[in-house]
Amino acid sequence: MKNNDWKDRLGMVYSTNPDFEYSLDEVEEEVTLPKNQQKLRVQIEKSGRAGKVVTLVKGFVGSEDDLKSLGKFLKTKCGVGGTAKDGEIVIQGSFRDRLIALLKDEGYTNTK
């Protein structure tokens, strides 16, 4: 069976150029920095969250899969919920000191 990629080209306009080759715009995934080079910042935030306190971990540089795995690790160690997206991990509750200790134990030495 041939690779039928017509669905990827739905917005394409007809071209009369015989040498034209359609190319997909693929987004390159960011390379994850080593743990000791990550500059993570942990802060507590309350505004804009209906009075609920959350702890934010900002500054992660790397792929979404690595960010989500770090977020899952932190959520399970704290026993709470949260999310990890857009280079930021949100942990429900006030866990600033605990998260800093966990990150330093994991090898993220440049954490404040």
Side-chain angles (χ1 to χ4, degrees):
M1 185 175 213
K2 288 189 341 184
N3 184 10
N4 194 358
D5 63 346
W6 65 270
K7 290 182 181 178
D8 295 334
R9 297 180 279 127
L10 281 178
M12 177 62 190
V13 179
Y14 181 76
S15 175
T16 57
N17 184 356
D19 298 329
F20 178 78
E21 289 194 28
Y22 183 78
S23 63
L24 297 174
D25 295 334
E26 295 182 16
V27 178
E28 288 185 26
E29 190 146 329
E30 226 175 317
V31 178
T32 304
L33 290 177
K35 293 180 179 182
N36 59 355
Q37 292 181 359
Q38 295 277 358
K39 294 182 180 179
L40 300 179
R41 300 294 173 246
V42 182
Q43 64 187 32
I44 294 176
E45 187 176 287
K46 188 176 180 180
S47 64
R49 302 188 187 272
K52 308 285 185 191
V53 176
V54 295
T55 307
L56 299 174
V57 179
K58 293 183 176 184
F60 185 84
V61 177
S63 67
E64 283 292 318
D65 292 335
D66 293 336
L67 177 70
K68 288 182 181 185
S69 65
L70 178 62
K72 184 175 182 177
F73 167 75
L74 294 175
K75 289 187 295 183
T76 56
K77 288 293 185 179
C78 293
V80 295
T83 184
K85 59 183 175 182
D86 300 329
E88 180 177 89
I89 300 170
V90 179
I91 304 291
Q92 296 173 351
S94 178
F95 292 100
R96 184 178 186 278
D97 297 331
R98 188 171 184 184
L99 288 179
I100 290 173
L102 284 170
L103 288 169
K104 288 193 178 190
D105 290 343
E106 277 298 302
Y108 294 94
T109 56
N110 209 353
T111 303
K112 292 183 181 178

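Just so it is clear, the values below take in all heavy atoms, side chains as well, and ignore hydrogens, waters and symmetry mates. Everything numeric here is computed off the predicted structure, so don't read it as measured data.
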Nearest heavy atoms of [X] and [Y], plus distance in Å:
| X | Y | result |
| --- | --- | --- |
| Ile91 | Phe95 | CG2-CD1, 4.0 Å |
| Glu64 | Asp86 | OE2-N, 3.8 Å |
| Arg49 | Leu56 | NH2-CD2, 3.9 Å |
| Gly71 | Ala84 | CA-CB, 4.4 Å |

Check this for me, if you would: do Glu106 and Lys35 make a salt bridge, where the nitrogen-to-carboxylate-oxygen distance has to be below 4.0 angstrom?
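Looking at Glu106 and Lys35, the cut-off is met.
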Please report the C-alpha distance between Val57 and Arg41 in whole Å, then the side-chain angles of each, then the deciding distance to 0.1 Å, and finally whether the side chain to side chain contact (heavy atoms under 4.5 Å, CB included) criterion is met.
CA-CA 6 Å; Val57 179; Arg41 300 294 173 246; over 6 Å; no
Is there a side-chain contact between [X] and [Y], using heavy atoms and a 4.5 Å cut-off?
| X | Y | answer |
| --- | --- | --- |
| Leu70 | Phe60 | yes |
| Gln92 | Lys52 | no |
| Leu103 | Leu74 | yes |

How many angstroms lie between atom [atom1] of [X] and atom [atom2] of [Y], to the nearest 0.5 angstrom?
| X | Y | atom1 | atom2 | answer |
| --- | --- | --- | --- | --- |
| Glu88 | Thr83 | CD | OG1 | 9.0 Å |
| Leu33 | Lys39 | CG | NZ | 10.0 Å |
| Thr76 | Leu102 | OG1 | CG | 9.0 Å |
| Lys58 | Glu45 | NZ | CD | 6.0 Å |
| Lys75 | Leu99 | NZ | CG | 12.5 Å |

Residue pair Asn36 / Thr109, side-chain donor-acceptor N/O under 3.5 Å
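No.
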I'd like to know if the side chain of Asp66 pairs up with that of Ser69 as donor and acceptor (distance under 3.5 Å, no hydrogens or angles considered).
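No pair is found: no donor N or O on one side chain lies under 3.5 Å from an acceptor on the other.
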Side-chain heavy atoms under 4.5 angstrom apart, residues restricted to Ile, Leu, Val, Met, Phe, Trp, Tyr: same cluster for Val80 and Val54?
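In one cluster with Val80: Val54, no.
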Given side chain to side chain contact (heavy atoms under 4.5 Å, CB included), test Val53 with Ile44 step by step and report yes or no.
CA-CA 7 Å; Val53 176; Ile44 294 176; 3.5 Å; yes
Working note: Thr55 + Arg98, criterion side chain to side chain contact (heavy atoms under 4.5 Å, CB included); need CA distance, chi angles, decisive distance, verdict.
CA-CA 10 Å; Thr55 307; Arg98 188 171 184 184; over 6 Å; no
